[in-house]
Amino acid sequence: MPDTPTARYFLCPGYHASAGQVHDVIDPATLETVGERTEVTTEELSSVLIRVNEAQALWKQVDAKSRAKALHDLAHRIETTDLTDCAILMSREMGKPYPEAIGELQNCAPIFRYYAEMARDEAGKIAGTTQAGSFQFAKYEPLGVSAHIMPFNFPVLLMCWTVAASLAAGNGCVVKPAEITTLSTLEFMKVFAGLPDNLMACLPGGAKVGKALVDSNLTHAVAFTGSVTVGQAVAAAAGARMKPAIIEAGGSDPMIISAHADIDVASAGAVTGAFHMSGQVCTSTERLYVVDSVHDRFVEAFAAETARLRIGNGLGKSEIGPLSSKFARDKVERLVTDAVSKGADLICGGRIPPALDNGWFYEPTILTNCSADMDILNEECFGPVAAILRVPDFEAAIDGANASDFGLGACVFTRSLEEAHEAHERLQSGMVWINNPMIDNDALPFGGWKASGMGRELGRQGLDAFRRTKMVIMDHKPVRQEWWYPYPDNWFLDAGGRKLV
Ligand SMILES: NC(=O)c1ccc[n+]([C@@H]2O[C@H](COP(=O)([O-])OP(=O)(O)OC[C@H]3O[C@@H](n4cnc5c(N)ncnc54)[C@H](O)[C@@H]3O)[C@@H](O)[C@H]2O)c1
Ligand SMILES: C[N+](C)(C)CC=O
């Protein structure tokens, strides 16, 4: 068990907060105090941003090969540092089962290696054309300092996704963790200690600090991940300053179970989709459209798979930890109550587990007979609830899946090639999974349509988000420019529109 963490914030190579509001961090499984977190003051925030800008001015001049080496070294530090304390803190702060916290940390190093190589490869490339006597090209330049405003659910991995790309592009980075996961983020920060001094900072705080980072003239790009409402506010504030912003917002992902699905595979996939991390994954399955002919068979298999899940403290033997806060659990309870009051049938769950009423737990819940008028079909639930709708056929399932303001991911279970292609052509979402939900790939763009966000993380687009292009036209020899003036006389008209000559 890590020492009880104390209030501090981190600026490479090690800089601790002198002042600021202090808050208790509460374990959602036990309601015990895990430690304290400090909010940076406005003065500290400005002073840190000045330092990161100064460090970035040097970093952007580092050649691509050396920059790539620094990122590979960082990946090596992640691979060889004992991050057990970080995983334990993550589990205690937000309830994530410990094995999943370890899994999250293990996925961080590869992203630094991926962007180290991509940025190095691109350094030798020129976009554009060359013409005789004139060298015409576009080049990439870093943006400056990027602000990374993070959610609680994958506090370290999602930070690495955008920090790796931003550092590779030549920027400095300032991370603002979610309030709930401040301590695990700070614990992870030690892996950045090998980077140039002050290039990377972590500034804990809440909405006030996040807003200050977006508004500051000392930040030049924003990577936000979080809810739709906050994402809209961040996008508006960044837009008002013409500051590039990636917005990765919430979702309400649909899953379609076709008449051609392998029901055994689909039921296991639905358990992962709906209940992994207690339904607190951005791409959690929330709405299931099940074709009539397989509906009852699927519901039975899905309920049987769900019964295997163990609920409890993330540091014990459990697959289902608590929700992150009372606020989150209250929302889940409200959505389930609303659905049942409008005619949904409770197949399992739908309550606080009686033996675990001293934390923010909620049982994995399956609802059938759901309909579009229920709040759970129209809001992000972000809890362990699967809302099932019976549909006559595959077409109706796609229509239902698309009838949402959200468009993050969508999953389809089918063994029909025709249906698989129809699904990826028609589904209105940034990601489509066929027979395998919630998979991501460092090399492929991640992000949502509609209210679920704008911009992309990962892949080449994830790097482009942190750099700007500059067109350069460079003639070999100085040439006096006379191709347009003075105009020839026969180009002029009189006031009546007649040729003068
Ligand atoms: N699309 C994705 O890739 C993705 C990934 C993970 C989580 N999410 C979404 O994140 C949400 C859960 O995370 P959360 O509860 O931490 O989200 P949240 O929106 O409550 O908070 C996200 C971050 O924004 C900060 N913040 C709050 N108000 C702000 C303001 N006015 N200006 C700037 N920053 C502000 C918070 O302090 C926090 O760091 C869910 O909706 C989930 O779907 C999306
Ligand atoms: C994409 N993923 C699963 C890592 C994080 C979404 O919340």
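All figures in this text were calculated on a predicted structure; none of them were measured in a lab. When a ligand or atom number is given, it counts from 1 through the structure's own listing order.
- Looking at Thr225 next to ligand 1, no N or O pair under 3.5 Å apart turns up.
- Regarding atom 43 (O) of ligand 1, its nearest protein heavy-atom neighbour is Glu380 OE2, 2.6 Å.
- Scanning both residues, Lys450 and Asp405, for their nearest heavy atoms gives CB-O, 3.1 Å.
- Heavy-atom contacts of Pro177 reach the following atoms of ligand 1: 39 (O) (cutoff under 4.0 Å).
- The cationic group of Arg467 lies under 6.0 Å from the six-membered ring centre of Tyr140 and within 45° of the ring axis, placing it in a cation-pi geometry.
- Within the listing of ligand 1, atoms 6 (C), 7 (C) sit less than 4.0 angstrom from a heavy atom of Asn153.
- Looking only at side-chain heavy atoms (C-beta outward), Pro204 and Val40 come within less than 4.5 Å of each other.
- Nearest non-hydrogen protein atom to atom 3 (C) of ligand 2 is Val281 CG1, 3.6 Å.
- The nearest heavy-atom contact from the protein to atom 26 (N) of ligand 1 is Val230 CG1, 3.6 Å.
- Heavy-atom proximity to Phe446, at under 4.0 Å, picks out these atoms of ligand 2: 1 (C).
- Nearest protein heavy-atom contact of atom 9 (C) of ligand 1 is Gly226 O, 3.2 Å.
- Nearest heavy-atom pair across Val52 and Cys173 is CG1-N, 4.0 Å.
- Of the protein's heavy atoms, none falls inside 4.0 Å of atom 21 (O) of ligand 1.
- The protein heavy-atom contact nearest to atom 2 (C) of ligand 1 is Glu248 CB, 3.5 Å.
- Considering both main-chain and side-chain atoms, Ala249 comes within under 3.5 Å of ligand 1 through a nitrogen or oxygen pair.
- By the salt bridge (charged side-chain N to carboxylate O under 4.0 Å, His left out) test, Asp27 pairs with Arg92, sequence neighbours left out.
- Contact atoms of ligand 1 toward Val234: 32 (N), 33 (C) (distance under 4.0 Å to a heavy atom of the residue).
- When Pro204, Cys282, Pro155 are checked for heavy-atom proximity to atom 4 (C) of ligand 1, Cys282 turns out nearest.
- The option from Leu458, Asn107, Asp440 that lies nearest to atom 2 (N) of ligand 2, judged by heavy atoms, is Asp440.
- Looking at Met150 next to ligand 1, an N or O pair under 3.5 Å apart turns up.
- Salt-bridge check for Arg113 with Glu79: passed, with a basic side-chain N closer than 4.0 Å to an acidic carboxylate O.
- Taking every heavy atom of Ala178 and a limit of under 4.0 angstrom, the matching atoms of ligand 1 come to 39 (O).
- Phe406 and Trp449 have their aromatic ring centers separated by at least 6.0 angstrom.
- Closest protein heavy atom to atom 5 (C) of ligand 2: Phe154 CD1, 3.3 Å.
- Applying the side chain to side chain donor-acceptor pair (under 3.5 Å) test to residues at least two apart or on different chains, the pairs with a partner in residues 146-157 are Ser146-His148, Ser146-Ser166, His148-Thr162.
- In this structure, the ring of Phe466 has its center no less than 6.0 angstrom from the ring center of Tyr115.
- In terms of polar-atom proximity, Leu158 is not counted as a contact of ligand 1, lacking any N or O under 3.5 Å from an N or O of the ligand.
- Residue nearest to atom 32 (N) of ligand 1, selected from Gln280, Gln232, Glu457, Lys211: Lys211 (by heavy-atom distance).
- Interface of Gly250 with ligand 1, defined as ligand atoms under 4.0 Å from a residue heavy atom, comprises 41 (O), 43 (O).
- Side chain to side chain, Lys342 and Ser371 fail the donor-acceptor criterion of an N or O pair below 3.5 Å.
- Between the side chains of Glu319 and His276, no donor N or O sits under 3.5 Å from an acceptor N or O.
- Among all protein heavy atoms, the one lying closest to atom 19 (O) of ligand 1 is Ser227 OG, 2.6 Å.
- The protein atom (non-hydrogen) at minimum distance from atom 6 (C) of ligand 2 is Cys282 SG, 2.5 Å.
- The cationic atom of Lys96 (NZ for Lys, CZ for Arg) lies less than 6.0 Å from the six-membered ring centre of Phe154 and within 45° of the ring axis.
- Checking Thr41 against Glu44 by side-chain atom types alone, a donor-acceptor pair falls below 3.5 Å.
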